[in-house]
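Have a look at the structure below before the remarks.
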Amino acid sequence: HDLAVPMRDGVRLSADVFLPDRDGPFPTIVTRTPYESGRDVFLDVAAYWARRGFAFVAQDCRGRFESEGTFRAYADDPTDGYDTIEWVGGQRWCNGKIGTWGRSYGGLTQWLSAPLAHPQLTCMAPHVICDDFYSDCHYIGGAFQLMLSLGAAVIWQTNLATVVGPQSRHVFQNRRFWSHLPLIEMDELAIGRRVEYWREWLAHPTYGDYWKPFDIRGRHGEITVPAFQQCGWFDPYTGAGFRNLNGMQQDGPNPRAREQQRILVGPWSHEEPASTSMGGREFGAGSLVDIRTEEHRWFDWQLKGIDDGIASEPPIRIFTMGTNSWRNEEEWPLGRAVVTPLFLHSNGRAGSSPDDGRLTPDPPGDEPVDRFSYDPAEPVPTLGGVLSVHMMTAHAEEPLEAGAVDQRLLERRDDVLVYTTPTLAEPVEVTGPVSVVLYADSNARDTDFTARLVDVAPDGTAFLVTEGILRARYRDGLEQTELLAPGVAERMEIVLYPTSIVFGVGHRIRLDISSSNFPRFSRNLNSGEDVGTGTRMLVATNTVLHSQSTPSQLVLPVVDSALRFS
């Protein structure tokens, strides 16, 4: 315990080493974490691998727990990861074959150091993590991901229990706390001191030079080893997992890096799967997968040369919700998926009448617009969804639950527009990327638009499938901003998280449109002010258009099926 691992600048990081009770040397698995290497989870994982003939190294990231130095989110992980592998490879108990493993931050430490291509790095297992820390982590569609970012800022300065325990509501995670403005002060409000990386994130709300060093996209040609990724349909990093898979298959610098990539995606969120349901929707006993067993197959293959058939398996294994079945695929997106638009229609009452908003394959004619008022003082609350952080909020007695939570409570609000297909006469599979092309205007200089894809069961339950958000000032890209001209209709594309689901016979496909998802995302104040320092709130009147010249539409990848209604 607490071995001092020297970094190139003289800082020493604390590592715990677990060895099999037999003669070595051994293939070695390394994890790096800001969450305390001595926690029970790491002791349990370490014992698992040591019993199976692997050495296991768990290291505290720089500035965390027993490690020296100052923790700077992401900044030191590339070189610290490389130097740690260098040290491990020189130990007498290591046979020179080194794999890395970890979830969440333990995954990003792997991707960030991988382009440095240490010659003893043999493989990786980075799970549930992004490839781009701007557009896939802190700013989704340009909207600041408040709950995750604030949770990270607090966790990495204190400890995990501070964030997830219900006792924290006495200090923060209550209505007064979440409603605080300006956002830049929320670090001091939570823990009584400044957190520099929190303030850096807010000071850089547009993709640029600050974020580029933390972006793996475009660097796959520098990564020399294969990776096994585990993702979940209700975790926000599955799109990143597929981008990394495709990037490595296309640009990996050697055959192993190109041909031995693997990805596993189930109906899960950010944690290891432990239940057959997610957000109140049941997926069956077959939905549970023992991730450790899958990792064991992976590391046996990559570090010991043991092939139980894994080498000949397709690179992609996904779970399709609705039919609740697993299958293997060779490519992503699926080449056989047909890009299918469903157009928005209404008589102008999609926000007030449950039967007025419609989705059909037919383009709209000249139809009334739908309008709603978005008040940042009374935002639409986060309810289920594609979440990686389950914090307490002002709207819930328990920590937020990810997944297919019933959306009917939100759909009753006047600031949520609801569009629904007729009842399906045949099953419809949707597998792949999902998006919404929205023609909209606002009387505000800036506002948000949210989209949620919903599966409406015959009994009326509205199961959330996937979701997305766009901050209007980023409608033309994430590297520049342009405020709205009030009352001028703009084309906006909202990218939703990928999914795989079969909408069954008797079900209906639904799209919910609104302007907030709080506190997962910071409220757009509608004033056009800076996200970190803005305090002035305005009520926005937002308009969704659906006509021949402004055909707002939900875009679905439909697989091996056709849309037929009863």
Side-chain angles (χ1 to χ4, degrees), residues 102-108 110-111 124-141 145 148 215-217 220 227-249 261-273 278-279 281 283 287 289 291 294 314-322 324-334 337 384-390 402-404 429-435 451-453 455 463-469 494-502 520 555-557 559:
R103 305 179 63 82
S104 195
Y105 202 105
L108 75 84
Q110 299 174 67
W111 282 118
M124 304 189 296
H127 302 329
V128 290
I129 195 56
C130 53
D131 58 349
D132 169 13
F133 296 95
Y134 174 80
S135 64
D136 223 30
C137 185
H138 295 291
Y139 289 87
I140 312 300
Q145 193 163 203
L148 177 141
D215 193 344
I216 298 302
R217 297 175 305 170
H220 298 107
F228 166 48
Q229 302 178 84
Q230 180 256 299
C231 309
W233 295 129
F234 296 108
D235 182 77
Y237 308 123
T238 299
F242 283 118
R243 286 194 297 271
N244 282 326
L245 174 81
N246 289 337
M248 291 303 303
Q249 288 179 329
Q261 301 295 323
R262 296 291 186 271
I263 190 169
L264 171 69
V265 187
W268 315 311
S269 182
H270 200 61
E271 306 301 326
E272 290 189 19
M278 179 62 61
R281 185 164 192 173
F283 297 111
S287 65
V289 170
I291 298 300
E294 298 302 315
I316 300 169
R317 187 182 178 202
I318 61 173
F319 184 90
T320 299
M321 299 176 287
N324 295 345
S325 57
W326 288 97
R327 71 170 188 258
N328 295 327
E329 296 287 351
E330 295 285 351
E331 61 179 351
W332 187 271
L334 306 186
V386 186
L387 298 173
S388 62
V389 178
H390 306 156
E429 179 182 336
V430 172
T431 295
V434 177
S435 64
R452 286 183 166 182
L453 176 63
D455 179 11
F463 291 114
L464 187 146
V465 176
T466 186
E467 61 186 343
I469 190 170
I494 306 173
V495 177
L496 283 65
Y497 296 100
T499 192
S500 182
I501 185 171
V502 171
R520 181 184 173 184
V555 183
L556 300 176
V559 179

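Fair warning: this is a prediction, and the values are worked out from it, not measured in the lab. Index from 1, following the sequence.
Separation of atoms SG (Cys130) and CD1 (Ile216) is listed at 9.0 Å; rounding is to 0.5 Å. Note that the CD1 atom of Ile129 and the CG atom of Leu108 stand 4.5 Å from one another [nearest 0.5 Å]. Put simply, OG on Ser104 and CG on Leu148 are 8.0 Å apart, with the number rounded to the nearest 0.5 Å. Atom OG1 in Thr238 sits 7.0 Å away from atom CD1 in Ile263 (nearest 0.5 Å). Atom CZ of Phe283 sits about 7.5 Å away from atom CE of Met278, to the nearest 0.5 Å. To the nearest 0.5 Å, atoms CG (Asp136) and CZ (Arg217) are separated by 8.0 Å.
Counting only distance, with no hydrogens or angles, the side chain of Asn246 and the backbone of Trp332 share a donor-acceptor pair below 3.5 Å.
Residue Pro236 comes nearest to Leu387 through the heavy atom pair CD-C, 3.7 Å, listed as atom of the first residue, atom of the second, then distance. When all heavy atoms of Gly102 and Gln110 are compared, the pair lying nearest together is N-NE2, 3.0 Å. When all heavy atoms of Gln229 and Leu245 are compared, the closest pair comes out as NE2-N, 3.7 Å. Across all their heavy atoms, Gly385 and Leu464 have their closest contact at CA-CD2, 3.7 Å. Pairing each heavy atom of Pro314 with each of Asn328, the nearest pair is CG-CB, 3.6 Å. Closest approach of Val434 and Pro557 over heavy atoms only: CG2-CD, 4.1 Å.
Phe319 has its side chain out of reach of Leu264: every pair of non-hydrogen atoms, C-beta onward, lies at least 4.5 Å apart. Looking at heavy atoms from C-beta onward, Phe133 lies out of side-chain contact with Asp215 at the 4.5 angstrom threshold. Side-chain atoms of Val559 and Val430, non-hydrogen and from C-beta on, never get closer than 4.5 Å to each other. Side-chain atoms of Glu330 and Ile316, non-hydrogen and from C-beta on, never get closer than 4.5 Å to each other. Side-chain atoms of Asp132 and Tyr139, non-hydrogen and from C-beta on, never get closer than 4.5 Å to each other. The closest side-chain heavy-atom distance from Arg103 to Glu272 is below 4.5 Å.
Side chain to side chain, Thr320 and Ser500 meet the donor-acceptor criterion of an N or O pair below 3.5 Å. Side-chain polar atoms of Gln145 and Arg520 form a donor-acceptor pair below 3.5 angstrom.
For the side chain to side chain contact (heavy atoms under 4.5 Å, CB included) with Trp233, the qualifying choice from Val386, Val265, Val465, Ile501 is Val265, the only one to do so.
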For this session: I would like to know whether Phe234 and Thr466 meet side-chain contact (heavy atoms from CB on, under 4.5 Å); could you show each step before the answer?
Result: CA-CA 7 Å; Phe234 296 108; Thr466 186; over 6 Å; no
For this session: Walk me through it: do Val502 and Asn324 pass the test side-chain contact (heavy atoms from CB on, under 4.5 Å)?
Result: CA-CA 9 Å; Val502 171; Asn324 295 345; over 6 Å; no
Problem set entry | Working for side-chain contact (heavy atoms from CB on, under 4.5 Å), residues Tyr497 and Ile140 | CA-CA 11 Å; Tyr497 296 100; Ile140 312 300; 3.7 Å; yes
For this session: Assess whether ring-ring contact (aromatic ring centres under 6.0 Å, His included) is satisfied between Tyr237 and His127, documenting all intermediate values.
Result: CA-CA 9 Å; Tyr237 308 123; His127 302 329; over 10 Å; no
For this session: Take Thr499 and Met321 through the side-chain contact (heavy atoms from CB on, under 4.5 Å) test and state the conclusion after the steps.
Result: CA-CA 9 Å; Thr499 192; Met321 299 176 287; 3.3 Å; yes
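Between Trp326 and Trp268, the ring planes lie tilted relative to each other; the angle falls in the 30° to 60° range.
Checked against salt bridge (charged side-chain N to carboxylate O under 4.0 Å, His left out), Glu331 has no partners two or more places apart in sequence or in another chain.
Note on Asp455 versus Arg281: salt bridge recorded, some NZ/NE/NH1/NH2 to OD/OE distance being below 4.0 Å.
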